[in-house]
Participant: 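Before I ask anything, let me first share the structure, which is written out below as structure tokens.
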Amino acid sequence: MAEAAHAEAIDPVVEKALSEANLTARDLSAVAVTIGPGLSLCLRVGVRKARNIAGLFSKPIVGVHHMEAHALVARLVQQDLQFPFLALLISGGHNLLILAQSLGQYVQLGTTIDDAIGEAYDKTAKWLGLDMRRSGGPAIEQLALEGDAESVKFSTPMKQHKDCNFSYAGLKTQVRLAIESRKINAQIPLSSATTQDRSERADIAASFQRVAVLHLEERCERAIDWAMEMEPSLKYLVVSGGVASNKYVRSRLDQVVKRKSLELVCPPASLCTDNGVMIAWTGIEHFRMGRFDPPPPAEEPDDAMIYIPPNVVNYPWNTFRCIGPL
Ligand code: KG4
Ligand code: ZN
């Protein structure tokens, strides 16, 4: 179904983007396209379209890593943001702490050992019977404003691990048990809940959010220390990915960054959640450095074998190192 939805959307989306920019494909310098990580059936739809345009008009092609794009879009909104910088990337599928040393040179300081924070927001929203039309995150953020964040005592994940990794599976279980023990019925939408029921749900939302974000705060503090040892000139923490559009997340991380005398760079919400601008921008960054593939053949058949690398972190020009506790 996801593949079919992509196939249906791709032509009109590309046409609309070109016409709103007052351009035709002929005017382009190159074509940038996401090559991963993600569902390969969906990625393939985009890659096929990109190769098709690039082939027809003889344009170079730039393969883009989705998470790299979440980080680099910060350099579009803040043009004086130079390397090195630290990036916290928080989305539905990823929780990454990355030291970006230069374009294409990344050191991974931490990742999740199970779920990402966005997944925890989405499940919590579903179990609380919230409106998921705009995904779970915004619904939790809004309901949490009514709740008491100290009322439910969830424990902070991975306290005993002195590293920069994340874990959200245990917090998810704690939330599920809290919801079950209060007999909250997710079938009853929030709009029909009694005052008492609504306030219980709000307390869980607020308490979950406080601890989920506290986990980010603790890991960022340590990551800043690690990164400062490697790059003493470090000035910025970039926070991006869907969850970075959350105002509570932004304000708590802003305080962490201030305590460490750094500056927070957080793109506007529309550029934090998945968007095409970040892919185009990352394409521009690599293209300017001469990092692109030559135009594909003009008449490549639609069913041509297109190679989507299973692991794109080192493809095609990026290097990516992981480090453990120092
Ligand atoms: O980056 P993104 O748009 O897609 C992925 O690459 O996964 O992130 C989507 C995630 C979802 O889990 C969604 O619930 C979360 O970002 N999200 C939020 C907010 N807006 C989106 N989480 C918390 N608060 C928000 N305001
Ligand atoms: Zn994303």
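Numbering of ligands and ligand atoms starts at 1, following listing order.
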Participant: Under 4.0 Å, heavy-atom basis, I'd like to know which part of D122 is in contact with ligand 1: side chain, backbone, both or neither.
Facilitator: side chain
Participant: Where is the nearest protein heavy atom to atom 26 (N) of ligand 1: which residue, which atom, and how far?
Facilitator: E141 OE1, 2.8 Å
Participant: Can you check whether G241 has an N/O within less than 3.5 Å of an N/O in ligand 1?
Facilitator: no
Participant: Which of these passes side-chain contact (heavy atoms from CB on, under 4.5 Å) with V238: L264, L81, L88, I98?
Facilitator: L81
Participant: Considering only protein heavy atoms, which is closest to atom 22 (N) of ligand 1, and at what distance to one decimal place?
Facilitator: G137 CA, 3.3 Å
Participant: Give me the nearest non-hydrogen protein atom to atom 15 (C) of ligand 1 as residue plus atom name, then the distance to 0.1 Å.
Facilitator: V243 CG2, 3.9 Å
Participant: With the threshold set at 4.0 Å, does a side-chain nitrogen-carboxylate oxygen contact exist between D122 and K126?
Facilitator: no
Participant: Taking distance alone, with N or O pairs closer than 3.5 Å, would you say T273 contacts ligand 1?
Facilitator: no
Participant: Any N/O of N246 closer than 3.5 Å to an N/O of ligand 1?
Facilitator: yes
Participant: For atom 13 (C) of ligand 1, grab the closest protein heavy atom and report residue, atom and distance to one decimal in Å.
Facilitator: S135 OG, 3.4 Å
Participant: Considering the heavy atoms of G93, write down every atom of ligand 1 situated less than 4.0 Å from one of them.
Facilitator: 7 (O)
Participant: Are a donor atom and an acceptor atom from the side chains of Q101 and Y106 found within less than 3.5 Å of each other?
Facilitator: no
Participant: Report the part of R134 in contact with ligand 1, treating N, CA, C, O as backbone and CB onward as side chain, heavy atoms under 4.0 Å; options are side chain, backbone, both, neither.
Facilitator: neither
Participant: Going by distance only, is there an N or O of I90 that falls short of 3.5 Å from an N or O of ligand 1?
Facilitator: no
Participant: Applying a strict under-4.5 Å side-chain criterion to I, L, V, M, F, W and Y, I'd like to know whether L128 and L190 cluster together.
Facilitator: yes
Participant: So, 2.8 Å as the limit: is an N/O/S atom of H66 located closer than that to the Zn ion (ligand 2)?
Facilitator: yes
Participant: Looking only at protein heavy atoms, which one is nearest to atom 2 (P) of ligand 1, and how far off is it?
Facilitator: D274 OD1, 3.4 Å
Participant: Whether the H94 and E119 side chains hold a donor-acceptor pair (N or O, under 3.5 Å, no angle test) is what I'd like checked.
Facilitator: no
Participant: Once you measure the plane-to-plane angle for H215 and F166, does it fall in the parallel (<30°), tilted (30-60°) or perpendicular (>60°) bin?
Facilitator: perpendicular
Participant: Would you call K235 and E263 a salt bridge, using N to O less than 4.0 angstrom?
Facilitator: no
Participant: Using a strict cut-off of 4.0 Å, indicate which atoms of ligand 1 neighbour a heavy atom of H66.
Facilitator: 6 (O)
Participant: For ligand 1, which atoms sit closer than 4.0 Å to a heavy atom of G118?
Facilitator: 12 (O)
Participant: In terms of side-chain geometry, is the basic nitrogen of D254 or R250 positioned less than 4.0 Å from the acidic oxygen of its partner?
Facilitator: no
Participant: Please name the residue in the list P267, S135, S91, S245 that meets the side-chain contact (heavy atoms from CB on, under 4.5 Å) test with T273.
Facilitator: S245
Participant: Inspect the contact between E221 and R259 and indicate whether a charged nitrogen and a carboxylate oxygen are less than 4.0 angstrom apart.
Facilitator: yes
Participant: Under a 4.0 Å heavy-atom limit, does H70 contact ligand 1 with its side chain, its backbone, both, or neither?
Facilitator: side chain
Participant: For Y121 and E141, test the side chains for any donor-to-acceptor distance below 3.5 angstrom and give the result as yes or no.
Facilitator: no
Participant: For the Zn ion (ligand 2), give me the closest N/O/S atom belonging to D274, just the atom name.
Facilitator: OD1
Participant: What is the nearest protein non-hydrogen atom to atom 21 (C) of ligand 1, stated with its residue, atom name and distance?
Facilitator: G242 O, 3.4 Å
Participant: At what distance is the nearest protein heavy atom to atom 9 (C) of ligand 1, and which residue and atom is it?
Facilitator: G92 N, 3.8 Å
Participant: Could you check whether R222 pairs with D163 (Lys NZ or Arg NE/NH1/NH2 to Asp/Glu carboxylate O, under 4.0 Å)?
Facilitator: no
